[in-house]
Amino acid sequence: MPTLESLIDKVKAAVTPEVIACTACKAEFPKKQLKKANMVCPACGKHLRMDARARIAATVDAGSFTELCTGLKSEDFFSFPGYADKLDKAAKATGEEEAVVCGAAKIGGEDCAVFVMDSGFIMASMGSVVGEKITRLFEYATEHSLPVIGFTASGGARMQEGIVSLMQMAKVSGAVKQHSNAGNLYITVLCDPTTGGVTASFAMQGDILIAEPGALIGFAGRRVVEQTTKSKLPDNFQKAEFLLEHGFIDAIVERNDLPAALGNLLKLHKKQTEIA
Amino acid sequence: MTAYEKLKAARGSRRPTGAAYVDGIFHDCMELHGDRRFGDDAAIVGGIGWLDDQPVTYIAIDRGTDIQSRMAKNFGCPKPEGYRKGLRLMKQAEKFGRPVICFVDTQGAFCGADAEERGQGQAIAESIMEMMNLRVPVISIVIGEGGSGGALALASANRVYMLENAVYSVISPEGCASILWKDAAKVEDAAEVLHITADDMKNLGVAEDVIKEDFNDFPTMCQGIRETLKNDLANMQQMSPEQLQQNRYERFRKFGIYGERA
């Protein structure tokens with residue numbers, strides 16, 4: 001028999017709106033309100049993590065997104081302990097087929113190709129499918145002379161796919177370079193967290209590198225660096241502000257200013273004949 | 001040998017290092033230092049030399065042979081300035097139409113605060129992207145440990161070889177074991193499941209071929225490598241710069257194991 005207290009808790013949970021606590025200031029807000037604010041904390045301005053679909057909705061012109069590069073399925077080809085289960089759980093939790101969503105869209109009225117990584121899916125680690133989808137998007141963009149806007153957020157290469165995941169770094173890099181050689185623009189928006197093999201490949205290969213405020217961006221994990229260096233690291237180590245200070249990104253742009261900034265950059269890179 | 005035994009062999013302290021292969025394979029070499037940006041990373045040795053009668057650019061990760069040189073070379077863990085030196089020498093090779101030969105042997109790119117401050121991720125990203133685009137032949141040989149992105153930064157080549165006991169991995173088996181089983185001692189299991197051996201690389205198409213080791217007769221072994229390189233270069237020099245780029249693109253384009261959804 002359930003106790004009276006547990007019943008009361010259940011009823012309370014059913015009638016109280018779901019709340020999310022800011023990871024920085026700990027202030028709690030109804031989920032609905034935070035989502036409306038694009039997951040930027042109304043109290044302290046912290047840019048909380050955001051799923052790929054919400055990111056697309058917050059960034060591209062309403063109704064302009066057409067999804068591309070779908071229909072691929074990750075395989076547990078090394079029978080890696082726990083991988084099949086992880087894939088199932090991630091798909092259920094996110095409703096996505098993999099850790100990146102690709103498509104064609106307009107931002108500020110300008111055509112572009114877009115990829116958005118979803119850190120809710122196995123930390124958006126890069127396996128064969130993530131590498132293949134992003135490569136296909138770059139090939140599509142090269143073929144159609146479209147700029148690419150890429151939102152990165154990833155723990156790095158996906159160890160469950162072994163060396164095949166490492167090879168994705170070179171595969172995507174090759175596609176980025178061909179897109180670049182054809183004179184096309186590539187802007188990366190580095191989101192929290194962008195690390196490991198993604199930082200060491202396409203996240204850093206944009207013509208213009210933008211980061212969200214406070215995003216963690218680095219190659220090695222903070223704990224590994226601390227063990228190697230055997231000293232305490234500054235609080236802002238590997239944060240967007242740290243990278244800006246050291247000359248590794250072009251700008252930090254707040255999430256709610258991104259559509260306007262990206263739209264302007266796309267217009268600035270239009271071929272003069274197209275403007276006239 | 002198990003994958004773990006091969007891993008230990010690849011890390012063996014008496015195994016020849018990158019500089020030994022440069023000396024054994026090429027002649028009349030001139031080492032070239034520095035990245036022209038920040039400094040000179042001794043973990044990466046680069047320069048120009050002769051492959052018999054043919055000029056080549058060589059870039060080798062070198063772990064060092066005794067405690068002093070190992071410390072100076074940071075145990076073969078390159079810093080951003082090392083990768084930037086390598087890239088500088090690759091672009092120089094491209095300008096003068098020289099093939100690039102890389103020797104890879106690292107547990108991984110250095111993970112220190114200074115390396116992060118100077119953009120370790122950016123340095124590797126740029127090296128991979130530019131290497132994919134070089135208009136000259138590029139051949140990489142993994143001579144010991146091929147540790148993740150720090151190895152790939154010098155292995156985005158037209159052809160990749162593995163020495164028979166060399167390993168190549170996305171993450172160190174120790175790192176994998178501590179993430180997966182919260183127990184670094186399970187390194188043997190991790191080495192197995194990660195598929196890191198030379199034969200694995202050949203089976204997966206990550207390496208074109210496996211090179212036999214014979215450290216008791218190192219000059220003969222180097223002679224064999226010299227013949228392999230000359231043979232490959234003779235074939236690749238029939239290709240235009242664009243064909244070389246495309247060949248490299250297609251080599252990496254095919255990597256990926258996945259299914260299609262109905």
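Computed over heavy atoms, backbone and side chain alike; hydrogens, waters and symmetry mates excluded.
With a 4.5 angstrom heavy-atom cutoff, F78(A) touches chain B via backbone and side-chain atoms both. For chain A, no part of E250(B) is nearby; none of its heavy atoms comes within less than 4.5 Å. Only the side chain of F77(A) comes within contact range of chain B, with at least one heavy atom under 4.5 Å from a heavy atom of that chain. Of the two parts of Y249(B), only the side chain, counted from C-beta on, holds a non-hydrogen atom closer than 4.5 Å to a non-hydrogen atom of chain A. S79(A) touches chain B through its backbone: at least one of N, CA, C or O sits under 4.5 Å from a heavy atom, while the side chain does not. In this structure, chain B has heavy atoms under 4.5 Å from both the backbone and the side chain of L72(A). The contact between E139(A) and chain B is made entirely by side chain atoms (from C-beta outward), counting heavy-atom distances below 4.5 Å. Contacts of T199(A) with chain B are made by both backbone and side-chain atoms, with heavy-atom separations under 4.5 Å. With a 4.5 angstrom heavy-atom cutoff, F202(A) does not touch chain B via any of its atoms. In this structure, the portion of Q178(A) lying under 4.5 Å from any heavy atom of chain B is its side chain and not its backbone. Only the side chain of S156(B) comes within contact range of chain A, with heavy atoms under 4.5 Å apart. Looking at A203(A), there are no atoms closer than 4.5 Å to chain B (heavy atoms on both sides), in backbone or side chain. Only the side chain of M201(B) has a heavy atom closer than 4.5 Å to any heavy atom of chain A.
Atom CG of D235(A) sits in a sparse spot, with 12 or fewer heavy atoms from other residues, nucleotides or ligands closer than 6.0 Å. Summarising the local packing, CE of M71(B) is surrounded by 12 or fewer heavy atoms from other residues, nucleotides or ligands at distances under 6.0 Å. For NZ of K95(B), the number of neighbouring non-hydrogen atoms (other residues, nucleotides, ligands) closer than 6.0 Å is 12 at most. At most 12 heavy atoms of other shown residues, nucleotides or ligands fall within 6.0 angstrom of atom CZ in R223(A).
In this structure, CE in M204(A) is found 12.5 Å from CE in M129(B), a value given to the nearest 0.5 Å. Atoms CD1 and CZ, on I171(B) and R158(A) in that order, are 14.0 Å from each other to the nearest 0.5 Å. Note that CD of Q245(B) and CG of N181(A) are 7.0 Å apart. Values are rounded to the nearest 0.5 Å. If you take NZ on K177(A) and CD1 on I128(B), they are separated by 13.5 Å, rounding to the nearest 0.5 Å. We find the CD-CD distance between Q205(A) and E126(B) to be 9.0 Å, quoted to the nearest 0.5 Å. Taking CG of L194(B) as the start and CD of E161(A) as the end, the distance is 12.0 Å to the nearest 0.5 Å.
Put simply, the side chain of L204(B) reaches to within 4.5 Å of the side chain of I163(A), judged on heavy atoms. Inter-residue side-chain proximity for P80(B) and F219(A) is flagged as unmet; no heavy-atom pair is nearer than 4.5 Å. Taking the side chain as every heavy atom from C-beta outward, F252(B) and S173(A) never approach each other to under 4.5 Å. With a 4.5 Å cut-off on side-chain heavy atoms, V170(B) and M167(A) do not count as touching. Between E116(B) and L233(A), every side-chain heavy-atom pair lies at or beyond the 4.5 Å cut-off.
The candidate from R118(B), H195(B), Q120(B) with the greatest count of non-hydrogen atom pairs under 4.5 Å with chain A is H195(B). For the options I179(B), I196(B), N133(B), D200(B), heavy-atom pairs under 4.5 Å to chain A are most numerous at N133(B). Comparing A153(B), G112(B), A113(B), A123(B) by how many heavy-atom pairs each has under 4.5 Å with chain A, the most go to A113(B). No other option in S231(A), G156(A), A175(A), G82(A) has as many heavy-atom pairs under 4.5 Å with chain B as A175(A).
Across every non-hydrogen atom of K171(A) and G256(B), the tightest pair is NZ-CA, 4.4 Å. When all heavy atoms are compared, the tightest approach of R136(A) to Y258(B) is NH2-OH, 3.4 Å. Heavy-atom minimum distance, P81(A) versus W181(B): CG-CZ2, 3.8 Å.
Ion pairing between R253(B) and E132(A) holds under the 4.0 Å rule for side-chain N and carboxylate O.
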